[in-house]
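Notes follow the structure.
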There are 2 protein chains.
Amino acid sequence: MRSVTIDDVAKAAGVSIKTVSRVVNREPNVRAATKEKVEAAIKELNYRPNQSARGLASRRSYMIGLVYDNPSPNYLANLQAGMIEACRDNHYGLALNPVTYHAEDMVEQVMHWARQAFVDGVVLTPPLTDSEALLEALRAADIPFVIMSSRGTAGAPAVLIDEEEAAYQMTRHLIDMGHSRIGFIKGHPDHYSSRCRFMGFEKAMKEGGLEMPAGYIGQGYFDFASGREAASQLLSQPTPPTAVFASNDDMAAAVIYEAHSRKIDVPGELAVAGFDDTPLSRQVWPGLTTVRQPIRAMGRMAAEALMDAMTAEGRKKLEEAGEMAIDFELQLRGSTVR
Amino acid sequence: MRSVTIDDVAKAAGVSIKTVSRVVNREPNVRAATKEKVEAAIKELNYRPNQSARGLASRRSYMIGLVYDNPSPNYLANLQAGMIEACRDNHYGLALNPVTYHAEDMVEQVMHWARQAFVDGVVLTPPLTDSEALLEALRAADIPFVIMSSRGTAGAPAVLIDEEEAAYQMTRHLIDMGHSRIGFIKGHPDHYSSRCRFMGFEKAMKEGGLEMPAGYIGQGYFDFASGREAASQLLSQPTPPTAVFASNDDMAAAVIYEAHSRKIDVPGELAVAGFDDTPLSRQVWPGLTTVRQPIRAMGRMAAEALMDAMTAEGRKKLEEAGEMAIDFELQLRGSTVR
DNA sequence: TCGCTATTTGACAGCGCTGTCAACCACCGT
DNA sequence: ACGGTGGTTGACAGCGCTGTCAAATAGCGA
């Protein structure tokens, strides 16, 4: 019942434990044939290195951390899934740290956790990505990090999609569908994303020579309830918009909800567009036109970037890395297209 | 720049490292005076035990694990949140292990992960809770576990709500609303929950002397797509039901979706009920009548039960513990009540 | 063929901590 | 005063792995 150790693998492969260690850690200077032998033995025995032992010997924890503040369950689940995929490939573990962005001692909390969990790197989600104090503390503690955000903070490697461009394209889509009275529901002001998405909207509207009356611009907070309020405001205008672009799917679903309850036909009388392509966008009727963000792939990329940064050159590369952009995709569904 | 070790503390306190270890781990049989000296030194030097070293030497990780197979993001997020709350209180970490229930080597995978991550205990979510092989392997490996499930497996401590009773009450609610042609959409057959929910439905229907024609019973898999198919089947009956009780919210939302697309008024012509009280149930129109499960509290309870089991008596208590039931609550919304 | 360098491999000493076990001590009853 | 008893302390051997450095081997030109 004893678990498989590096010695077992070494014996099985007919090499020294050090060579096994090299293969596991992807160190250079291992002959291809040797590497294959070792990998076969690892697979055969289903060997998994003991993290505690690795951590002790190498003074690393082989853990990366994910710090977040109350994201949508869907975002969290996908991000985690992507990160775990990457972690598995690299024999790393994932440590979670939910925090409160607005807490007085948020930075302290995170740093304390990072020290105790000994994480080798950290992924930050919005809006934590916008806390300059936190980024500074991580830099000071020499803990590599990647932010999941459009924030163009210098020196902060970021995995992102071009949110402004996506919002621009979505707005273009609405304009192309013949709409000229287009409303917009902004996202949470703590999130830089909200600004990006609004800027993309603005750009397309200006380019199309369309007006953006104040009554057509609602303030939301990325949740359903605030979306309903904003939608209610927009739809109560003397001349209501014929299309509403909400900064995320929850709020867009809220627009549809409001429309239903007012017997307004979607998309006949009101087209609705969202952002994120959450499952919800497929579960409301009609299906929601939205922007697909490959969150899972982004999580994977962020985790990989961190783990690559464990070597000296990798570390340098991460520091120099700017934005790592992934493609988004417009998903056109029944809420804008009959 | 070297960090403070147990040796430093021992030297400062004028005792052996073993005594420091005793104090840190709250072991008995340390004289009060000695303990104070050591504690003073710990504070003075700001000593924090190295988790890797502790883990390696003690073959414990101060981590509990969560094993799951593709649950709904909402379930996962809430369960995690509850478990993390409990972990924080006890200076434990949470390790995640997504697996594939149907994978040939699922049990092996979990066991290797458990050994590698050294988790001190494991929480299992459905349908993994129903794998007798997995439970047996965990018992054999002497790893304490708690299942999140109605499964009445002897010897498996479970955190749960009385799902059969909940389904019974929900069906009663539909009957009380005057419905007699009530359809049901079953959940994924891999999940024991599905059976419980159906049994509750059946009980209420029999008690009310109502018929359950085969055409009114659809098979779903807990996801939206399968819910649509089942809904489509039910609504295509020559005499369709006037109410549908779906085994979870995603499928209930699918029923509403189908109703909308067929211009069937909800709840006027068709009442719909779900199960779980996910955010989705509040985000479709009309709001979904459903059963609220306090997942977060359940996660917290499961994690606490595991960490309590780290002591000898606690372990015994866990082994003897049967079901730990938490109250559910019917949430009546617009999909059944005008 | 030999000698040289570059690549590949292995022996071994810890990393910081806990478990084991033996030594030590104080205090009891006789 | 003595041995017995149980609480208290410390010496030491690993836990499974990586870093260091030396040894072995391969590759190549002359």
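All chains are named by letter (A, B, ...) in the order of the sequence lines, taking the proteins before the strands, and each is independently numbered beginning at 1.
- If you find the closest nucleotide of DNA chain C to B/Ser52 and to A/Asn29, the one lying nearer the 5' end belongs to A/Asn29.
- The nearest whole Å value for the distance from the CZ atom in B/Arg31 to the C1' atom in C/dC24 is 11 Å.
- For A/Ser21, a side-chain nitrogen or oxygen approaches OP1 or OP2 of D/dT18 to under 4.0 Å.
- Toward the 5' end of DNA chain D, the nearer of the two residues B/Gly14 and B/Ala53, judged by each one's closest nucleotide, is B/Gly14.
- The side chain of B/Val30 lies closest to D/dT9, out of C/dC15, D/dT9, C/dT18.
- Between the CD atom of B/Glu27 and the P atom of C/dC21 there is a distance of 15 Å, given to the nearest Å.
- Rounded to a whole Å, the CZ atom of B/Arg54 is 16 Å from the C1' atom of C/dC15.
- For the pair B/Leu56 CG and D/dG16 P, the interatomic distance rounds to 7 Å; values are reported in whole Å.
- If you measure from atom CZ of A/Arg26 to atom C1' of D/dT18, you get 17 Å, rounded to the nearest angstrom.
- At C/dG16, one or more side-chain N or O atoms of A/Arg59 fall inside 4.0 Å of OP1 or OP2 (strictly under the cut-off).
- Residue-level contact check: A/Val15 touches the backbone only, with heavy atoms under 4.0 Å from sugar-phosphate atoms and none from bases.
- Around the NZ atom of B/Lys35, the shell of radius 6.0 Å holds no more than 12 heavy atoms that belong to other residues, nucleotides or ligands.
- Of all non-hydrogen atoms in A/Ile143 and A/Val119, the two that sit nearest each other are CG2-O, 4.4 Å.
- For B/Tyr62 and C/dT18, the shortest distance from a side-chain N or O to OP1 or OP2 is not below 4.0 Å.
- The side chain of A/Arg22 lies closest to C/dG10 when the candidates are C/dG10, D/dG10, D/dC17.
- Residue B/Ser16 places no side-chain N or O under 4.0 Å from the OP1 or OP2 atom of D/dT9.
- Under 4.0 angstrom from either OP1 or OP2 of C/dC15 there lies no side-chain N or O belonging to B/Asn50.
- A/Ile17 has its CD1 atom 9 Å from the C1' atom of C/dC12, to the nearest Å.
- Nearest to the side-chain atoms of A/Tyr47 among the listed nucleotides D/dT18, D/dC17, C/dC17 stands D/dC17.
- B/Thr34 has a side-chain polar atom (N or O) that falls below the 4.0 Å cut-off from OP1 or OP2 of D/dT9.
- Going from atom NZ of A/Lys18 over to atom C1' of C/dA11 covers 12 Å, rounded to whole Å.
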Note to self: Using salt bridge (charged side-chain N to carboxylate O under 4.0 Å, His left out), reason through B/Glu132 and B/Arg139 one step at a time and then give a plain yes or no.
What the structure shows: CA-CA 10 Å; B/Glu132 196 55 63; B/Arg139 275 190 279 258; 3.0 Å; yes
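- Set against D/dC15, D/dG16, D/dG10, the side chain of A/Ala57 has D/dG16 as its closest nucleotide.
- Using a 3.5 Å distance cut-off with no hydrogens or angles, the side chains of B/Arg59 and A/Asn50 do not pair a donor with an acceptor.
- Taking atom CG on A/Asp7 and atom P on D/dT18, their separation rounds to 11 Å, with Å as the unit.
- Residue contacts shown for B/Pro28 are absent, as no nucleic acid heavy atom lies under 4.0 Å away.
- A salt bridge links A/Arg300 and A/Asp89; the closest N-O separation between the charged side-chain nitrogens and carboxylate oxygens is under 4.0 Å.
- By the neighbour-count criterion of 12 heavy atoms within 6.0 Å, atom CD of A/Glu44 is sparsely surrounded, having that number or fewer from other residues, nucleotides or ligands.
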